A.B. asks: 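Below you'll find the structure I mean.
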Number of protein chains: 2
Amino acid sequence: MTTDRLRELLKEKGLKVTPQRIVIFEAVVNLKNHPAVENIIEYIKIKHPNISIGTVYKVLDSFVENGLLKKVKSENDIMRYDAVLHHHHHLYCATTDRIEDFEDPNLDKLINDYFRKKKIKSFNIKNITLQITGEFNNK
Amino acid sequence: MTTDRLRELLKEKGLKVTPQRIVIFEAVVNLKNHPAVENIIEYIKIKHPNISIGTVYKVLDSFVENGLLKKVKSENDIMRYDAVLHHHHHLYCATTDRIEDFEDPNLDKLINDYFRKKKIKSFNIKNITLQITGEFNNK
DNA sequence: CTTGGTAAAGATAATAATTCTCCTTTAGGA
DNA sequence: TCCTAAAGGAGAATTATTATCTTTACCAAG
């Protein structure tokens with residue numbers, strides 16, 4: 001996502017466009033690989049050592065609330081953030097704690113069709129995400 | 001799981017059978033619905049007010065390490081524990097934070113077959129778990 | 001361009017959750 | 001029964017996050 005697009009989005013949501021918000025958003029985008037707050041703060045501190053930690057938490061929260069970022073449940077208990085908003089799954093490496101995005105429209109169709117036929121009793125499905133754990137091979 | 005079975009498992013893993021471990025394990029089993037540490041401590045305190053909190057954390061950790069319990073991450077980020085060890089999925093209610101187990105061998109077969117045909121490049125799948133988010137209807 | 005109201009940022013204290021340290025107790029094999 | 005390593009207890013320390021209060025600066029209106 002471009003900075004201009006972010007500016008638009010913030011305005012749409014009635015959020016002020018501040019340099020901190022732009023920097024924090026770019027951090028999440030640039031870091032890729034689903035950074036934790038810790039990583040984000042680290043990254044930001046290099047070029048912007050005066051952004052306060054509280055601000056980072058507040059900004060990330062408001063981004064999630066407003067749908068500009070998503071939270072990712074990792075295997076161990078720290079929260080991580082994702083700038084990829086469209087529906088996708090995650091590959092988790094248990095040993096390295098790496099998380100990669102995984103998209104597969106065919107698989108989604110398969111699963112959706114399955115649940116269209118066989119509903120879950122007394123539960124309305126909003127979203128289905130696969131947690132695929134395993135090991136990355138090479139590299 | 002019975003207490004006797006727990007005793008066996010602890011011995012197999014080379015862990016000492018202590019009253020604290022038994023109490024903590026039973027708490028997770030009895031509480032069902034994937035208790036958080038908080039709930040477990042609460043529950044234990046009633047009958048065993050002198051078990052220390054540090055012990056609860058240590059015991060839960062060692063149970064997870066030794067495969068006697070599994071961790072589940074809830075919608076609002078807190079870690080919760082599950083005594084159901086066989087493969088199953090979870091229904092997450094975003095509003096009430098309730099987590100229910102969901103088993104469906106047919107679905108598992110469908111997904112496994114899918115990935116048997118279409119491998120993921122440079123990733124060996126160990127386990128696939130569905131995070132099904134939505135709303136419970138009635139009750 | 002200036003200004004003023006208000007949302008957001010900064011600093012820091014407070015809280016909550018978890019881990020650590022150190023010392024004591026205990027399980028369980030010899 | 002004794003010995004020893006493992007485990008438990010108490011509370012300090014650490015870490016992550018949230019809350020509070022003050023200051024700053026975005027941005028809309030004039």
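Naming: A, B, ... by sequence-line order, numbering from 1 per chain. Because the structure is a prediction, the values reported are computed rather than measured.
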A.B. asks: Whole Å only: how far is the CG atom of A:Leu60 from the P atom of D:dT17?
C.D. replies: 10 Å
A.B. asks: Quick one: do the A:Tyr114 and B:Asp104 side chains pair a donor with an acceptor below 3.5 Å?
C.D. replies: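 Result is yes, a qualifying pair exists.
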A.B. asks: On DNA chain C, nearest-nucleotide positions of B:Val17 versus B:Val37: which is more 5'?
C.D. replies: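 Taking each residue's closest nucleotide, the earlier one in sequence belongs to B:Val37.
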A.B. asks: Side chain of A:Lys16 only, please: which of D:dA6, D:dC26, D:dG9 is the nearest?
C.D. replies: D:dC26
A.B. asks: Ignoring backbone atoms, establish whether B:Thr18 has a side-chain N or O less than 4.0 Å from OP1 or OP2 of D:dA7.
C.D. replies: no
A.B. asks: Write down the distance between NZ (B:Lys58) and P (D:dG11), rounded to a whole number of angstrom.
C.D. replies: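 That distance rounds to 14 Å.
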A.B. asks: Output the rounded distance in Å from CZ (B:Arg21) to P (D:dG9).
C.D. replies: 11 Å
A.B. asks: Please report the distance, rounded to the nearest Å, between CD in A:Glu8 and C1' in D:dC27.
C.D. replies: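 Atom-to-atom, A:Glu8 to D:dC27, this comes out as 17 Å.
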A.B. asks: Rounded to whole angstrom units, what separation is found between the CD1 atom of B:Ile51 and the C1' atom of D:dA10?
C.D. replies: 14 Å
A.B. asks: Using whole Å, what does the distance between atom C1' of nucleotide C:dT19 and atom CD1 of B:Ile53 come to?
C.D. replies: 13 Å
A.B. asks: Which residue, B:Pro19 or B:Gly54, contacts DNA chain D at a nucleotide closer to its 5' end, judged by nearest heavy atom?
C.D. replies: B:Pro19
A.B. asks: Would you indicate what B:Ile78 reaches in the nucleic acid, counting non-hydrogen atoms under 4.0 angstrom: base, sugar-phosphate, or nothing?
C.D. replies: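 Answer is nothing: B:Ile78 stays at 4.0 Å or more from every strand.
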A.B. asks: Measure from CG on B:Asp61 to C1' on D:dG8 and round the result to the nearest Å.
C.D. replies: 15 Å
A.B. asks: Looking only at side-chain atoms of B:Gln20, point me to the closest of C:dA9, C:dA8, D:dG9.
C.D. replies: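 For B:Gln20, the side-chain atoms sit closest to D:dG9.
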A.B. asks: Do the ring planes of A:His90 and A:His34 sit parallel (below 30°), tilted (30 to 60°) or perpendicular (above 60°)?
C.D. replies: perpendicular
A.B. asks: Is the shortest heavy-atom distance from the side chain of B:Leu15 to the side chain of B:Arg21 under 4.5 Å?
C.D. replies: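 Sidechains of B:Arg21 and B:Leu15: in contact.
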A.B. asks: Distance check needed: D:dA13 P versus B:Tyr57 OH, whole Å only.
C.D. replies: 19 Å
A.B. asks: Check whether the side chains of A:His86 and A:Glu103 place a donor and an acceptor atom closer than 3.5 Å, and report yes or no.
C.D. replies: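 Note: A:His86 and A:Glu103 side chains meet the donor-acceptor criterion.
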A.B. asks: Looking only at the side chains, is there a donor atom on one of A:Asp101 and A:His89 sitting less than 3.5 Å from an acceptor on the other?
C.D. replies: no
